[in-house]
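Report on the following structure.
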There are 2 protein chains.
Amino acid sequence: MKDVAAAAGVALKTVSRVVNDEPGVNPATAERVVAAIAQLGYRRNESARVLRRGRTATIGLVIEDVADPFYSGMSRAVEDVALRHGSLVLSGSSGEDPVRERELVLTFCARRVDGLIIVPAGTDHDYLLPELDAGIAAVFADRPGGLEADTVICDNAGGAHAGVGHLIRHGHRRIAFLGDSASIFTASERLRGYRRALAEAGLPADGSLIAMGPADRAGAALCAMLAAPDPPTAVFTGNGRITVAALRTGHRPALVGFDDFELADVLRPGVTVVAQSPDGLGRTAAEMLFRRLSGEPGPAERIQLPTRLIPRGSGEIPPP
Amino acid sequence: MKDVAAAAGVALKTVSRVVNDEPGVNPATAERVVAAIAQLGYRRNESARVLRRGRTATIGLVIEDVADPFYSGMSRAVEDVALRHGSLVLSGSSGEDPVRERELVLTFCARRVDGLIIVPAGTDHDYLLPELDAGIAAVFADRPGGLEADTVICDNAGGAHAGVGHLIRHGHRRIAFLGDSASIFTASERLRGYRRALAEAGLPADGSLIAMGPADRAGAALCAMLAAPDPPTAVFTGNGRITVAALRTGHRPALVGFDDFELADVLRPGVTVVAQSPDGLGRTAAEMLFRRLSGEPGPAERIQLPTRLIPRGSGEIPPP
DNA sequence: GGGCCGGTGGACAACGTTGTCATCCGGTCC
DNA sequence: GGACCGGATGACAACGTTGTCCACCGGCCC
């Protein structure tokens, strides 16, 4: 900028004015400056600008894994909203590890992101308090965090309730639940919905039909249940990865899965799912974040997005 | 930092030394400083640090669409490598639009990323020259860019050649090619491999069996070909999205697809694919970038990654 | 002609950090 | 006792921007 000023024969501040479209510059002078900028290939140094102004026009996004289609869809939505607000996105995958989540968040904060969208891996977010005090906005997405803050989640229990109810209406009485680790909020909520649906139908809750754990063990769990005496006639799977793991076993009991996924309609039979919208989740969270950044006051909000049951065949198979 | 210094009763510089683990600080003093830092909840301002030091420890990643599983896998690999090198990733989706690609890249440059990994949407990258001169490293991934720079791509022509050869060996003589728009490098390379395989087998090249265009039109194109007189007995699809579009038509001719995808093994028949590794692509590109950033000299390299044919059933269907 | 005004441009400090160099102090060596 | 040394600490400038405030100039009004 100094060089540009020298080349154009004006003061530093005048160049700054031109670069920022500030009023009070003679058009002729401005033109000289623009020419000098073009000639020298000058580009403003954002770091210095950030240092001076305080706002970085950057938000941080912490998800579990970008490579998971659910979160990558969410990422894309966040990115689009950020773009519309002139912001960039720093993103990182926590891999469901609270320590890594914390590290990522604090690194983002050190870079003075304006705001954060976090899919919490842990449950303790006290480490965020000083940052919130410092004026960084935060929105929890997909799961609630360990403190009062804006939160966008989907109707996990309601969705599971609807999915399991669908199987019950098709005559099933022994329905297995394959879910993610019980420590994960979405998993326990969905289990709650499953239990409520069974209870409302007057069906017994059989612990041997419930398996919670990482997706890569879900296949084996399903095989074990089906091999046991008095096996389930239907399965409710607690997320997209688990649904895929169940399908990969080759068994084809009646099945309803939480989360829609590509090719669910191409498989035979098509896979009936309770769909939530990764897109909607990301968009809603990002929009809420930017509302806060633009100064919207008020207590922490908690938005719950609806789910939608999509019958495709697998969930309509009657019990044998 | 000023406040910390005051609280600990030392000079600014001493705090800086402690924060950066520089030698030459009395352990007792250091302890006082650490205590003051903890008490005040101080965290270093990276913007100021960047301003002073010049390196941002941030790289920019421009891909086509994070929500595409291929690119999200690549993203994850880049992120992991960056993490190991203590860097963060700013990412953006170009949506195959050269203008947007350029905007993203220039925005990243204004933020003084240390380096860039670009999946080029356009073919003209002269706009990058001033940035490269300014010391920003750049690696093109998945496709070559419009200038001499490090590039990591996969063996597109070879992979297509292998896939089409596989169909030929299973007795097919009329093989359709469904590819992405011909203007996209990977698409035209794969078409080249297809043509070479046909030529080597002495098969005629029939233009009516070739359809190039966006994935959402591939289904209709396939239906039209199959409805024509003398339809193809096999199809080679030029990328993952097009493979899915073809499957969604419900027709099940012999098929080999470029790109592996989740559930390819669960469909019946399993889908035979020419797999490339989004992971390997991202990792290789990022590692090359960090080698350059750590000062490795030498001319621009071009790395080609191999592909792998995975037979699963759909590619082994004989002609009727 | 003096005072004032709006339009233009510049000087300077400040943002929070780090690199350079100077200072200070206690001890050691001749 | 003075020169010297090494370790610890600090003062200060600089990074590139922007906000604040002041200076200048030509014209206009009384």
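Reminder, nothing fancy here: chain letters follow the sequence lines and each chain counts from 1. Only a predicted model underlies this, so the values are computations on that prediction, with no experimental measurement involved.
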Candidate pair A:D80 and A:R76, rule salt bridge (charged side-chain N to carboxylate O under 4.0 Å, His left out), full reasoning: CA-CA 6 Å; A:D80 287 346; A:R76 178 64 202 260; 3.2 Å; yes
Working for salt bridge (charged side-chain N to carboxylate O under 4.0 Å, His left out), residues B:R143 and B:E96: CA-CA 12 Å; B:R143 319 166 186 174; B:E96 210 67 87; 2.7 Å; yes
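Across C:dT17, D:dA11, D:dC15, the shortest atom-to-atom separation from the side chain of B:A11 is found for D:dA11. In this structure, the nucleotide among C:dT17, D:dG16, D:dT9 sitting nearest to the side chain of B:R49 is C:dT17. Of the candidate nucleotides C:dG10, C:dT17, D:dT17, D:dT17 has the atom nearest to the side chain of A:Y42. Of the candidate nucleotides C:dT17, D:dG10, D:dT17, C:dT17 has the atom lying nearest to any side-chain atom of B:R52.
The CZ atom of B:R102 sits 8.5 Å away from the CG atom of B:D124 when rounded to the nearest 0.5 Å. Here CG of A:L12 is found 10.0 Å from CG of A:D3. Values are rounded to the nearest 0.5 Å. Of the inter-residue distances, the one linking A:R84 atom CZ with A:R283 atom CZ reads 8.0 Å to the nearest 0.5 angstrom. Distance check: A:I153 CD1 to A:Q276 CD gives 10.5 Å after rounding to the nearest 0.5 Å.
A:R44 has no side-chain polar atom (N or O) that falls below the 4.0 Å cut-off from OP1 or OP2 of D:dT17. Between A:T14 and the phosphate of C:dG10, there is a side-chain N or O to OP1/OP2 separation shorter than 4.0 Å. B:S16 has no side-chain polar atom (N or O) that falls below the 4.0 Å cut-off from OP1 or OP2 of C:dT17. Residue B:R53 has a polar side-chain atom (N or O) positioned under 4.0 Å from OP1 or OP2 of C:dG19.
D:dT18 atom C1' lies 13 Å from atom CG of A:N45, rounded to whole Å. Between B:R17 atom CZ and C:dG19 atom C1' there is a gap of 10 Å when expressed in whole angstrom units. Between the P atom of D:dT9 and the CE atom of B:M1 lies a distance of 15 Å, rounded to the nearest Å. Distance, A:L51 CG to C:dT17 C1': 8 Å, rounded to whole Å. Protein atom CG of B:D3 is 11 Å distant from nucleotide atom P of C:dC15, rounded to whole Å. As rounded to whole Å, 13 Å separates atom C1' of C:dA13 from atom CG of A:L12.
Side-chain N/O atoms of B:N20 and B:R44 include a donor and acceptor closer than 3.5 Å.
Residue contacts for B:V50: at a heavy-atom cut-off of 4.0 Å it reaches no nucleic acid atom on any strand shown.
At a cut-off of 3.5 angstrom, counting only N and O atoms as typed in the model, there is no donor on one side facing an acceptor on the other between the side-chain of B:R112 and the base of D:dG16. The base of C:dG19 sits within donor-acceptor range of the side chain of B:K13, with an N or O pair under 3.5 Å.
Scanning for ring pair (Phe, Tyr, Trp, His ring centres under 6.0 Å) contacts around A:Y71 gives an empty result, with sequence neighbours left out.
Within a 6.0 Å sphere centred on CD of A:E31, heavy atoms belonging to other residues, nucleotides or ligands number 12 at most.
Listed by residue number, the members of residues 18-40 of chain B with any heavy atom below 4.0 angstrom from DNA chain D are B:G24, B:V25, B:N26, B:T29.
Fit an axis to the five pairs at each end of the helix from C:dG1-D:dC30 to C:dC30-D:dG1 and the two axes sit 70° apart, to the nearest 10 degrees.
Side-chain contact between A:L305 and A:S277 is absent, with no heavy-atom pair separated by less than 4.5 Å.
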